Amino acid sequence: MQFSSISQTAQGIEHLQEQYALFSTREKISLSTLFNDGDTNIREYCRTYRPNAGNDQLTAAVKSWSESYGIWLKSGEHYLTCATYLFPAADFRRGIAVVQNCAVDYYLNEIMGRDVFRLLPREQQVEARLIIDRMAGLSPALTVIPEAHAVEKANAEMLQEIRDTSPGEWFAAFSNMYAYHIGVTHQDCNASGLHYLPDVEEYIQQRLHTSGMPHIILLIEYCDGAFLDWSWLAAQRMAAQLKDLQQAVAMFGCLSNDFFSFEKEVIDKSADSNLVASVALNHPELSFEAVLEKAAVIVRFYLSEYFRLRERIITKMRRLAATADPRLQALEKHLVGLERCVQASWMWQAYTKRYKRYDSVFQETVLDTDIAVAV
């Protein structure tokens with residue numbers, strides 16, 4: 001669909017909102033049921049999960065740090081826990097750095113993110129673009145210009161800490177991935193901003209990077225202090241499978257989020273940069289229920305891939321167990337970190353207040369839900 005049909009895209013979103021309004025009076029939909037593939041129950045899989053024991057101390061410290069830079073947002077109270085959920089094994093020093101990373105990303109998302117950028121006045125868009133260009137193009141020395149925005153200075157301090165506590169090769173990969181995320185995310189990622197409607201597969205690839213999940217996956221190594229040896233993994237014929245496993249975890253995280261954030265993004269803000277909206281716009285013949293099911297099939301696929309690939313890697317690791325190789329121990333830690341990331345993707349979205357609302361069509365995001373879990 002080309003730029004001349006952008007008005008049709010807007011009409012498609014209005015139609016989706018109308019279908020949603022009609023459906024909202026019916027029985028609530030269970031996201032866990034939508035995501036389950038028959039072999040795995042995501043809620044049951046998360047029963048063993050526990051967030052970082054230092055959650056309160058970490059979030060309080062980063063709140064104070066954010067306030068010192070003037071980038072604290074009241075709504076960040078719930079969002080900062082995302083990092084402590086994703087990295088439950090991080091010690092205090094490394095935990096501070098990753099929660100700071102989360103705080104910077106959240107500020108950018110709320111002030112100039114992919115769903116709000118188009119709503120900014122023209123002069124604020126120009127200023128935001130300059131800030132983002134500088135952050136995405138930050139020099140290896142991690143120095144900022146004197147007139148840099150406070151979020152740039154906070155970002156540089158956070159990156160300096162991560163750089164100073166990690167191997168150079170790993171940090172280069174991390175900073176490149178993080179900079180790419182910053183650059184592609186903070187702009188109008190809707191069809192009106194892109195001047196065309198991406199097909200579903202293109203949207204999925206775009207969403208992977210706007211979510212930040214690739215650099216979050218890299219932070220698992222940082223939080224564990226156990227960095228992977230990719231040359232050794234390649235020699236053991238596990239490198240490609242591990243990359244695919246990481247991709248599956250990242251995709252489950254970002255695409256499941258599109259369900260949890262669907263109402264805030266699509267229903268409230270009329271955004272179309274969302275998996276459910278993408279499926280609806282590319283398949284206008286489908287009912288609202290059919291759209292949800294078709295989008296859920298994609299989420300289920302990546303969750304199933306996670307379990308399949310994880311088991312294949314574990315099988316190979318058993319053959320190497322007798323070697324007591326420290327590189328194998330780092331891989332074992334990483335698999336646990338990936339498991340926690342999958343669990344946290346569900347737990348944080350389903351059981352914190354980030355996506356709760358009184359009028360949700362989903363059981364897990366109703367504000368007064370009686371879903372209980374030991375956390």
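Since the model is a prediction, treat every value here as computed from it, not as a measurement. Quick note: numbers below take in every heavy atom, side chains included, and nothing from hydrogens, waters or symmetry partners.
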Using only heavy-atom distances, determine whether the side chains of [X] and [Y] contain a donor-acceptor pair under 3.5 Å.
{"X": "Gln343", "Y": "Arg340", "result": "yes"}
{"X": "Thr185", "Y": "Arg114", "result": "no"}
{"X": "Ser256", "Y": "Trp346", "result": "no"}
{"X": "His186", "Y": "Asn109", "result": "no"}
{"X": "Gln17", "Y": "Ser270", "result": "yes"}
{"X": "Ser75", "Y": "Tyr106", "result": "yes"}

Picking from Trp170, Phe171, Tyr178, what satisfies ring pair (Phe, Tyr, Trp, His ring centres under 6.0 Å) with Tyr222?
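Of the listed options, the one satisfying the test is Trp170.
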
Donor-acceptor under 3.5 Å ([X] side chain, [Y] main chain):
{"X": "Gln125", "Y": "Phe117", "answer": "yes"}
{"X": "Thr352", "Y": "Gln349", "answer": "no"}
{"X": "Glu161", "Y": "Ala97", "answer": "no"}
{"X": "Asp199", "Y": "Glu201", "answer": "yes"}
{"X": "Asn282", "Y": "Pro198", "answer": "yes"}
{"X": "Thr40", "Y": "Ile42", "answer": "no"}
{"X": "His215", "Y": "Gly212", "answer": "yes"}
{"X": "Ser278", "Y": "Leu275", "answer": "no"}
{"X": "Asn190", "Y": "Ser273", "answer": "yes"}
{"X": "Asn41", "Y": "Arg43", "answer": "yes"}

[X] [atom1] to [Y] [atom2] distance, which is reported to the nearest 0.5 Å:
{"X": "Asp359", "Y": "Glu263", "atom1": "CG", "atom2": "CD", "answer": "6.5 Å"}
{"X": "Cys102", "Y": "Leu219", "atom1": "SG", "atom2": "CG", "answer": "10.5 Å"}
{"X": "Asp244", "Y": "Met238", "atom1": "CG", "atom2": "CE", "answer": "14.0 Å"}
{"X": "His181", "Y": "Asn176", "atom1": "NE2", "atom2": "CG", "answer": "14.5 Å"}
{"X": "Thr143", "Y": "Glu152", "atom1": "OG1", "atom2": "CD", "answer": "11.5 Å"}
{"X": "Asp91", "Y": "Thr165", "atom1": "CG", "atom2": "OG1", "answer": "9.0 Å"}

Is there side-chain contact between [X] and [Y], with at least one heavy-atom pair below 4.5 Å?
{"X": "Leu331", "Y": "Asp229", "value": "no"}
{"X": "Asn36", "Y": "Arg300", "value": "no"}
{"X": "Leu22", "Y": "Glu18", "value": "no"}
{"X": "Tyr358", "Y": "Val366", "value": "no"}
{"X": "Phe87", "Y": "Ile216", "value": "yes"}
{"X": "Tyr85", "Y": "Asn52", "value": "no"}
{"X": "Gln206", "Y": "Val184", "value": "no"}
{"X": "Val98", "Y": "Thr84", "value": "no"}

I'd like to know if [X] and [Y] make a salt bridge, using a cut-off of under 4.0 Å between side-chain N and carboxylate O.
{"X": "Asp115", "Y": "Lys264", "value": "no"}
{"X": "Lys28", "Y": "Glu364", "value": "no"}
{"X": "Glu311", "Y": "Arg318", "value": "yes"}
{"X": "Arg26", "Y": "Glu289", "value": "yes"}

Closest heavy-atom pair and its distance - [X], [Y]:
{"X": "Cys341", "Y": "Leu86", "value": "SG-CD2, 3.7 Å"}
{"X": "Leu292", "Y": "Phe259", "value": "O-CZ, 3.7 Å"}
{"X": "Met347", "Y": "Cys46", "value": "SD-CB, 3.6 Å"}
{"X": "Glu221", "Y": "Leu228", "value": "OE1-N, 2.9 Å"}
{"X": "Val266", "Y": "Leu16", "value": "CG1-CD2, 3.9 Å"}
{"X": "Ile13", "Y": "Ala271", "value": "CD1-O, 3.8 Å"}

Taking side chain to side chain donor-acceptor pair (under 3.5 Å) as the definition, give me every residue that meets it alongside Tyr45, ordered by chain and number, with sequence neighbours left out.
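Side chain to side chain donor-acceptor pair (under 3.5 Å) check on Tyr45 returns Tyr306, Glu339.
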
My understanding is that only residues two or more places apart in sequence, or in another chain, count here; which of them pass side chain to side chain donor-acceptor pair (under 3.5 Å) with Arg207?
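With sequence neighbours excluded, Arg207 shows a side chain to side chain donor-acceptor pair (under 3.5 Å) to Thr210, Asn257, Asp258, given in chain and number order.
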
Go through the steps for Asp224 and Arg94 under the test salt bridge (Lys or Arg N to Asp or Glu O under 4.0 Å), then give the verdict.
CA-CA 9 Å; Asp224 289 340; Arg94 292 176 183 271; over 6 Å; no

If you look only at pairs with a residue in residues 50-72, which of them pass as a ring pair (Phe, Tyr, Trp, His ring centres under 6.0 Å), with sequence neighbours excluded?
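Those involving residues 50-72 are Trp65-Tyr69.
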
Please answer: with hydrophobic residues joined when any side-chain heavy atoms are less than 4.5 Å apart, are [X] and [Y] in the same cluster?
{"X": "Leu303", "Y": "Val297", "result": "no"}
{"X": "Ile267", "Y": "Val116", "result": "no"}
{"X": "Phe92", "Y": "Ile162", "result": "yes"}

Other residues, nucleotides and ligands only: do more than 12 of their heavy atoms fall within 6.0 Å of [atom1] on [X]?
{"X": "Lys153", "atom1": "NZ", "answer": "yes"}
{"X": "Glu169", "atom1": "CD", "answer": "no"}
{"X": "Arg312", "atom1": "CZ", "answer": "no"}

Verdict with supporting geometry, Tyr302 and Phe252, ring pair (Phe, Tyr, Trp, His ring centres under 6.0 Å)
CA-CA 6 Å; Tyr302 286 112; Phe252 173 72; 9.3 Å; no

Taking the ring of Trp348 and the ring of Tyr49, is the distance between their centroids below 6.0 Å?
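No, they do not, as the ring centres are separated by 6.0 Å or more.
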
Just say parallel, tilted or perpendicular for the rings of Tyr107 and His149, cut-offs at 30° and 60°.
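Because their plane-to-plane angle lies in the 30° to 60° range, the rings of Tyr107 and His149 count as tilted.
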
Derivation of the side-chain contact (heavy atoms from CB on, under 4.5 Å) call for Leu34 and Ser30
CA-CA 6 Å; Leu34 276 178; Ser30 167; over 6 Å; no

